[in-house]
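To start, the structure itself, in structure tokens.
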Amino acid sequence: MAPHKAPDSSRRSDRSRRAIYDAALALVGESGYRRTTIEGIAARAGVGKQTIYRWWPSKAAVLMEAFLDLAARAAEEAAPQAGGTGGETGGETGGTDPQAGAAEYGIPDTGDLAADLKLVLRATVDELNDPLMEAPTRALTAEGIVDAKLGAEFVEKLLDPQLALYVTRLRAAQEAGQLRPDADPRIALELLIAPLTHRWLLRTLPLTHAYADTIVDYALGGLAPRS
């Protein structure tokens with residue numbers, strides 16, 4: 001008779017954590033942040049609510065980590081086509097930091113700034129149009145407007161690390177003489193990202209790759225060195 005193998009508790013924890021992430025994101029997308037509850041997440045994930053409270057102190061903590069994990073997985077998928085080196089990421093207990101994926105890739109530097117930015121903005125368009133990303137992103141964005149604490153955490157843990165990648169690439173372009181030396185990279189990146197966000201958030205017009213390419217062309221036209 002084959003020896004009995006003890007259950008792998010770490011693998012079980014990883015499965016439970018993934019189920020909780022997926023349940024939290026699905027519920028916040030379907031019902032909104034305020035109507036999503038720990039009890040609802042537990043029921044959807046097929047775990048006891050005490051399991052959730054053992055790993056997270058609040059609903060906001062669950063949703064934030066779930067969203068960071070979702071973003072990290074999206075970054076991993078985008079990294080190969082953007083020339084990055086995305087690695088495996090996971091949860092907090094028995095896994096790796098959900099934010100680790102964002103630290104393992106960056107905006108490519110091929111020497112062609114316009115092409116590099118268009119590649120990244122097209123990937124952003126695809127993420128914003130992805131139903132798996134869109135619903136929870138809208139829900140957390142809306143709640144972050146009225147809940148200052150949640151909004152600040154959203155910016156600190158998700159947006160700022162991503163924006164830093166743009167700053168790094170734009171500064172490299174300045175050093176290469178491709179951008180005005182007096183241009184503020186933090187303001188420059190907003191010329192690229194803000195139009196996408198505005199069109200997506202308000203649904204004014206379709207969010208497309210062609211639109212992303214045009215934003216890059218317009219922004220770089222105003223940031224080019226002055227003769």
Which heavy atom of [X] sits nearest a heavy atom of [Y], and at what distance?
X      : Y      : answer
Thr51  : Ile20  : CG2-CD1, 4.4 Å
Pro185 : Val167 : CB-CG1, 4.1 Å
Thr36  : Lys59  : O-CD, 2.8 Å
Glu134 : Leu128 : CB-O, 3.5 Å
Pro136 : Leu25  : CB-CD2, 3.8 Å

message: Are Met64 and Leu132 connected into the same hydrophobic cluster when the rule is that any two of I, L, V, M, F, W, Y join if their side-chain heavy atoms are below 4.5 Å apart?
response: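 Shared cluster, no.
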
Is any side-chain heavy atom of [Y] closer than 4.5 Å to one of [X]?
X      : Y      : answer
Arg138 : Trp200 : yes
Arg169 : Asp109 : yes
Arg34  : Val146 : yes
Val120 : Tyr166 : yes
His198 : Thr204 : yes
Leu163 : Ile193 : yes
Leu121 : Tyr211 : no
His209 : Asp126 : yes

Once side chain to side chain contact (heavy atoms under 4.5 Å, CB included) is applied, do any residues pair with [X], and if so which ones, sequence neighbours excluded?
X      : value
Ser58  : Ala60, Ala61
Ala42  : Val47, Lys49, Ile52
Thr214 : Tyr218
Ala19  : Ala45

query: What residues, two or more places apart in sequence or in another chain, satisfy salt bridge (Lys or Arg N to Asp or Glu O under 4.0 Å) together with Arg35?
result: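 In terms of salt bridge (Lys or Arg N to Asp or Glu O under 4.0 Å), with neighbours along the sequence ignored, Arg35 is linked to no residue.
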
query: Step by step, would you call Asp182 with Arg180 a salt bridge (charged side-chain N to carboxylate O under 4.0 Å, His left out)?
result: CA-CA 5 Å; Asp182 62 333; Arg180 286 167 32 195; 3.1 Å; yes

Hey, is the main chain of [Y] close enough, under 3.5 Å, to the side chain of [X] for a donor-acceptor pair?
X      : Y      : result
Arg122 : Asp213 : no
Gln174 : Ala183 : yes
Glu156 : Gly151 : no

- prompt: Does the gap between the ring centers of Tyr21 and Phe67 come in under 6.0 Å?
  reply: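 Here the rings of Phe67 and Tyr21 have centres that are no less than 6.0 Å from each other.
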
field: Pairs touching residues 31-51 that satisfy ring pair (Phe, Tyr, Trp, His ring centres under 6.0 Å), sequence neighbours left out
entry: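 Qualifying pairs: none.
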
Do the charged groups of [X] and [Y] touch, with an N to O distance under 4.0 Å?
X      : Y      : value
Glu175 : Arg171 : no
Glu190 : Arg186 : yes
Arg44  : Glu30  : yes

If you round to the nearest 0.5 Å, how far is [atom2] of [Y] from [atom1] of [X]?
X      : Y      : atom1 : atom2 : answer
Ile107 : Leu119 : CD1   : CG    : 9.5 Å
Leu68  : Leu158 : CG    : CG    : 5.5 Å
Asn129 : Thr208 : CG    : OG1   : 8.5 Å
Leu159 : Thr141 : CG    : OG1   : 7.5 Å
Asp116 : Leu170 : CG    : CG    : 10.5 Å
Leu179 : Asp184 : CG    : CG    : 12.0 Å

task: Please test Gln178 against Leu223 for side-chain contact (heavy atoms from CB on, under 4.5 Å), starting from the C-alpha separation and ending with a verdict.
output: CA-CA 9 Å; Gln178 298 171 336; Leu223 294 170; over 6 Å; no

message: For a salt bridge (charged side-chain N to carboxylate O under 4.0 Å, His left out) check, start with the C-alpha distance between Arg17 and Asp69, then their side-chain angles and the critical distance, and finish with the verdict.
response: CA-CA 11 Å; Arg17 187 174 296 274; Asp69 176 77; over 6 Å; no

message: Could you go through Leu220 and Leu117, starting from their C-alpha distance and side-chain angles, then the distance that decides it, and tell me whether this counts as side-chain contact (heavy atoms from CB on, under 4.5 Å)?
response: CA-CA 10 Å; Leu220 293 186; Leu117 292 175; 4.1 Å; yes

